[in-house]
Amino acid sequence: MWNTFNIITTAISFISPVLMIFLTGFLIYAVLRGVMDWNNNRHSQVTVVKAGVISKKEDEVQHYDAQTGALNGVTSSYYVFFQVEDGGEVLRFHVSLREFRKLSEGDRGELKYQGSRFIGFEKKPINKL
């Protein structure tokens, strides 16, 4: 006879392995994606282009304690959007807080990157480009 306890234990014994397989697969995917991005960047040529800063963006993620609901901290990510002068292509790069603070919308200069990795931006006066 099936009672509530048997139904719950049967459901848990089925769901637990499925959940573990899903989580393991997601972890493997995340690691492989990171390795592939790193490898692609490593094998890409370093590119230097004339570009201008068109936008900056800060993403904040708030971390809360699961039991108390109290705010534990905030993690910020910083992005800068550049528009290449030849062709108008828009490129987005994750940058450090230091680089984020140094750059302003409207800055123009030479952007240096490798694949999707930001290397640097050297500001130049408009007449020097």
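Side chains are part of it too, since the values below use all heavy atoms of this structure and drop only hydrogens, waters and symmetry mates.
Of all non-hydrogen atoms in Phe118 and Tyr113, the two that sit nearest each other are CA-CB, 4.4 Å.
Rounding to the nearest 0.5 angstrom, the gap separating the CD atom in Glu89 from the CG atom in Leu91 is 4.5 Å. Ile12 contributes atom CD1, which lies 11.5 Å from atom CG of Leu19 (distance to the nearest 0.5 angstrom). Atom OG of Ser96 sits about 7.5 Å away from atom NZ of Lys102, to the nearest 0.5 Å. Separation of atoms CZ (Arg92) and OG (Ser55) is listed at 11.0 Å; rounding is to 0.5 Å.
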Practice task
Might you work through the side chain to side chain contact (heavy atoms under 4.5 Å, CB included) test for Lys112 and Val46, ending with a clear yes or no?
Solution key: CA-CA 7 Å; Lys112 189 176 190 179; Val46 173; 3.6 Å; yes
Exercise for the section: Take Ser116 and Asn41 through the side-chain hydrogen bond (donor to acceptor under 3.5 Å, both in side chains) test and state the conclusion after the steps. Expected result: CA-CA 6 Å; Ser116 63; Asn41 286 340; 3.2 Å; yes
Handout entry: Step-by-step side chain to side chain contact (heavy atoms under 4.5 Å, CB included) determination, Glu110 to Val49
Key = CA-CA 6 Å; Glu110 291 183 347; Val49 294; over 6 Å; no
Problem - Test log, rule side chain to side chain contact (heavy atoms under 4.5 Å, CB included), inputs Tyr79 and Asp59 - result: CA-CA 8 Å; Tyr79 300 92; Asp59 283 340; 3.5 Å; yes
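Here the side chain of Gln62 pairs no donor or acceptor atom with the backbone of Val74 at under 3.5 angstrom. Within the 3.5 Å criterion, the main-chain N or O of Asp107 finds no donor-acceptor partner in the side chain of Ser104. Checking side-chain atoms of Ser13 against main-chain N and O of Thr10 turns up a donor-acceptor pair under 3.5 Å.
At a threshold of 4.5 Å between side-chain heavy atoms, the hydrophobic network of Ile, Leu, Val, Met, Phe, Trp and Tyr places Leu97 and Val80 in one connected group. In terms of hydrophobic clustering, with Ile, Leu, Val, Met, Phe, Trp and Tyr side chains grouped at heavy-atom distances under 4.5 Å, Val95 and Val84 are assigned to a common cluster.
Counting only heavy atoms from C-beta outward, the side chains of Tyr78 and Phe93 never approach each other to under 4.5 Å. Side-chain contact between Met20 and Val18 is absent, with no heavy-atom pair separated by less than 4.5 Å. In this structure, the side chains of Val53 and Phe121 come closer than 4.5 Å at one or more pairs of heavy atoms. Counting heavy atoms from C-beta outward, Leu103 and Lys123 have side chains that approach closer than 4.5 Å. Residues Glu85 and Arg108 have side chains in contact (heavy-atom distance under 4.5 Å, counting atoms from C-beta outward). Side-chain contact between Leu111 and Val48: absent, with no pair of heavy atoms (C-beta onward) separated by less than 4.5 Å. A 4.5 Å side-chain heavy-atom check between Leu71 and His63 finds every atom pair outside the cut-off.
More than 12 heavy atoms of other residues, nucleotides or ligands lie within 6.0 Å of CD in Glu58, so this atom counts as buried by the packing criterion. With a 6.0 Å radius and a threshold of 12 heavy atoms from other residues, nucleotides or ligands, Asn72 has its CG atom above the threshold. More than 12 heavy-atom neighbours from other residues, nucleotides or ligands sit within 6.0 angstrom of CZ on Arg42.
By the 6.0 Å and 45° rule, Lys56 does not stack over the aromatic ring of Phe81.
Ring pair Phe26/Phe22 is parallel by interplanar angle, where below 30° counts as parallel and above 60° as perpendicular.
Using a cutoff of 4.0 Å between basic side-chain nitrogens and carboxylate oxygens, Lys124 and Glu122 are scored as salt-bridged.
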